[in-house]
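Everything quoted here is computed from the prediction, not taken from an experiment. Proteins come first, then strands; the chains are lettered A, B, ... in the order of their sequence lines, and each starts at number 1.
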Amino acid sequence: MSDQITDRKAKLEKIRALGVDPYGGRFESVTKNAAIRAASEPLNIEPGQIVESDAARFRAAGRVVLYRDIGSLIFMTVRDWTGDLQFGVSKKMLQGGAGVSPGGTNVLPGSAGVSPAVGGDTTWKVAKLLDLGDIVGIDGRLGRTKTGELTLWASHFTLLSKAVRPPPEKYHGLTDVEARYRRRYVDLFASPESQRVFVLRARIIDYARDVLRRRGFIEVDTPVLQPIYGGAAARPFETHHNTLDMKLYLRISPELYLKRCLVGGLERVYEFARCFRNEGISPRHNPEFTMLELYQAYGDYHDMMDITEEIIAGAARDVIGSLKIKFGEREIDYTPPWPRRRYTELFAEHVGFPLTDLAKVRVRARELGMEEKKLDDVVVISKVFEHHVEPHLVNPTFVIDYPAPLCPLTKRHPQDPQLALRFEPYINSMEIGNAYSELNDPAIQRENLGAQLAGEGDETMRVMDEDFCEALEHGMPPAGGLGIGIDRVVMLLTGSPSIRDVLLFPLQRPECR
RNA sequence: GAGGGCGUAGCUCAGUCGGUAGAGCAACGGCCUUUUAAGCCGUGGGUCCCGAGUUCGAGUCUCGGCGCCCUCACCA
């Protein structure tokens with residue numbers, strides 16, 4: 001059967017028989033491996049030397065990723081989330097009187113060796129019973145081996161958690177993508193580069209929060225469970241509340257609630273909104289994803305472009321450390337200001353004729369193999385745009401002033417009512433957001449939403465959000481609004497080709513085991 | 001939804017023309033006080049994704065199913 005598990009459980013019992021709890025408790029005041037490395041620099045440790053001074057005493061902890069037993073001497077490479085460090089355990093150097101480190105808590109109550117605690121001899125036996133994947137803590141003195149490797153030599157040694165399952169192969173780690181997604185916990189500890197993505201994700205989000213806080217925004221939470229869904233064009237997930245006996249939808253967008261906040265006088269609000277869309281899955285689409293959405297009263301979409309640049313270019317510079325970041329074979333230049341290009345101009349430039357020449361647009365659509373007869377003009381235009389223009393939008397570009405019929409929640413362009421004051425930032429041919437000068441005329445809003453519902457026909461169960469329209473009738477300040485697909489931004493900044501690489505636990509069908 | 005690719009030991013992977021299942025790491029037993037993916041000697045380990053079929057014989061060929069990845073479609 002699964003003999004490695006059996007072997008490890010046998011060791012577990014041997015360790016318990018020694019009076020040591022293989023699952024330790026609190027082990028605080030640990031210095032991170034990276035900090036220990038940094039602290040070693042001024043010590044100028046010579047190969048073969050072990051430093052006696054207090055400046056070289058450290059407590060460290062982490063997971064055993066490499067283990068080399070040389071008889072009466074054990075070397076192990078121990079990983080924490082700052083990096084790896086070699087621990088050395090020498091039979092002669094272990095101090096008795098505590099099989100656990102001072103402050104360690106893993107002496108089994110009532111065991112034979114409990115008082116005055118297990119000795120160095122017991123500690124040694126435990127060290128010999130270690131396996132790859134175990135989590136250990138040590139107190140020791142810093143030195144260098146003959147070959148110059150920085151090493152923390154244990155005076156006390158503690159087993160903090162015994163792994164009864166074997167880790168993946170120590171050199172390759174987990175490479176099978178399915179295994180990495182299904183058992184992310186293994187992928188994370190086996191692959192520092194995977195861990196790095198999620199640390200960077202957190203820092204990028206922190207960075208965005210800092211930008212918004214400096215600009216006077218407050219973070220709010222709006223409903224995920226919504227009786228009426230809206231704010232985007234997508235099919236929703238449905239659910240049901242038992243005691244209210246009520247149909248509910250998981251939100252496809254927080255937009256209509258955040259605008260209610262504007263009506264209420266919360267002038268600058270943002271939300272990191274987990275959204276759910278019951279649509280196809282692809283390397284750029286996950287059924288649940290995170291949208292940073294924000295609204296600024298008295299602003300417009302130009303302000304939103306400034307914020308977009310400040311967050312994304314700033315995160316590139318300050319979190320990743322460069323305004324030029326590779327993605328696949330390409331290098332993307334995030335240096336602001338990003339070009340702001342009109343939709344109509346880009347269309348004419350890359351398609352070869354203006355989008356107002358509808359006959360030509362439809363001919364081109366047919367050439368692309370499209371069933372264009374049943375589609376509205378603007379839909380055909382947008383398909384042709386996607387096909388011909390998006391591939392050219394590699395470096396960050398704001399595409400501005402979209403055809404109005406595509407934008408039911410957007411204010412019209414004052415010079416051209418055919419256009420809407422909307423932009424989408426594109427990077428690496430991918431939409432990474434959506435923003436506009438928000439429509440605040442309640443009559444036009446009601447009309448647009450009605451037209452949208454009519455366009456969707458009976459295929460969706462969508463109904464008019466009367467309460468939202470009523471809110472606008474109380475007066476919503478003019479405002480700029482912005483949504484940024486956080487997952488996609490993290491993909492770009494970390495060089496991750498699939499959205500699943502930046503989601504800790506992407507949706508997978510049940511495993512047949 | 002359509003097409004293509006993949007699925008073999010805990011992990012990473014070989015497996016020829018259809019002929020009784022292989023390596024490295026990991027594991028187990030032994031040796032070793034300066035290793036670096038430690039080394040040396042020895043040992044064990046398989047639902048070849050699942051199920052049918054063809055065949056004297058299937059990891060290999062055929063069909064069906066499941067899962068994952070990619071492309072396209074839908075969508076965003």
Problem set entry | Euclidean distance, atom NE2 of residue His172(A) to atom P of U12(B) [Å, nearest integer] | 9 Å

Problem set entry | Check: U35(B) base within 3.5 Å donor-acceptor of Gln86(A) side chain | yes

Problem set entry | C72(B) - base-pair partner by Watson-Crick or wobble geometry, distances under 3.5 Å | G1(B)

Problem set entry | Watson-Crick or G-U wobble partner of G46(B), both distances under 3.5 Å | none

For this session: Name the residue closer to the 5' end of RNA chain B, choosing between Tyr67(A) and Gly173(A) according to the nucleotide with the nearest heavy atom.
Result: Gly173(A)

Problem set entry | Test ring pair (Phe, Tyr, Trp, His ring centres under 6.0 Å) applied to His392(A) - qualifying residues, sequence neighbours left out | His350(A)

For this session: Determine, step by step, whether Asp300(A) and Tyr436(A) satisfy the side chain to side chain donor-acceptor pair (under 3.5 Å) criterion, reporting the C-alpha distance in whole Å, the side-chain angles of both residues, the deciding distance to 0.1 Å, and the verdict.
Result: CA-CA 7 Å; Asp300(A) 70 3; Tyr436(A) 18 95; over 6 Å; no

Problem set entry | Base-pairing mate for U60(B) - Watson-Crick or G-U, with both contacts under 3.5 Å | none

For this session: For nucleotides G46(B) and C41(B), find the distance between their C1' atoms and express it as a whole number of Å.
Result: 26 Å

Exercise. What residue among Lys259(A), Lys411(A), Arg412(A) forms salt bridge (charged side-chain N to carboxylate O under 4.0 Å, His left out) with Glu438(A)?
Worked result: Lys259(A)

For this session: Tell which nucleotide pairs with A37(B), taking only Watson-Crick or G-U wobble pairs whose two distances are both under 3.5 angstrom.
Result: none

For this session: Check whether any side-chain N or O of Arg284(A) sits under 3.5 Å from a backbone N or O of Arg488(A) as a donor-acceptor pair, and report yes or no.
Result: no

Problem set entry | Rounded interatomic separation in angstrom, taking CD1 from Ile5(A) and P from G44(B) | 22 Å

Problem set entry | Residues, nucleotides or ligands: over 12 heavy atoms within 6.0 Å of Lys14(A) NZ | no

For this session: State the pairing partner of U54(B); accept Watson-Crick or G-U wobble contacts with both distances under 3.5 Å, and report none otherwise.
Result: none

For this session: Identify which nucleotide among C11(B), U35(B), G10(B) has an atom closest to any side-chain atom of Phe75(A), counting heavy atoms from C-beta outward.
Result: U35(B)

Problem set entry | Nearest-angstrom distance, C1' atom, G22(B) to G44(B) | 15 Å

Exercise. Would you find a donor on one side and an acceptor on the other, under 3.5 Å apart, between the side chain of Ser155(A) and the backbone of Asp139(A)?
Worked result: yes

Exercise. Leu66(A) has a side chain; which of C28(B), A38(B), U33(B) sits nearest to it?
Worked result: A38(B)

Exercise. Any side-chain heavy-atom pair from Phe327(A) and Met430(A) closer than 4.5 angstrom?
Worked result: no

For this session: Considering just the side-chain nitrogens and oxygens of Lys91(A), establish if one lies under 4.0 Å of OP1 or OP2 belonging to U34(B).
Result: no

Exercise. P atom, C11(B) versus U47(B): distance in rounded Å?
Worked result: 12 Å

Problem set entry | U35(B) base / Thr145(A) side chain donor-acceptor hit below 3.5 Å | yes

Exercise. Does G67(B) have a Watson-Crick or wobble mate here (both distances under 3.5 Å), and if so which one?
Worked result: C6(B)

Exercise. Where is the tightest heavy-atom contact between Thr222(A) and Glu271(A), given as atom of each residue plus distance?
Worked result: OG1-OE1, 2.6 Å

Exercise. If you check every side-chain atom of Trp153(A), which of U34(B), A27(B), C13(B) has the closest atom?
Worked result: U34(B)

Exercise. What is the distance, rounded to the nearest whole Å, between atom CG of Asp176(A) and atom P of G67(B)?
Worked result: 16 Å

For this session: Go through U12(B), U34(B), U36(B) for me and flag the one nearest to the Ile70(A) side chain.
Result: U34(B)

Problem set entry | Leu73(A) vs Lys11(A), nearer the 5' end of RNA chain B by closest nucleotide | Lys11(A)

For this session: Let me have a per-nucleotide readout for nucleotides 68-76 of chain B, 5' to 3', with B, S or -, counting only protein heavy atoms under 4.0 Å.
Result: SSSS---BB

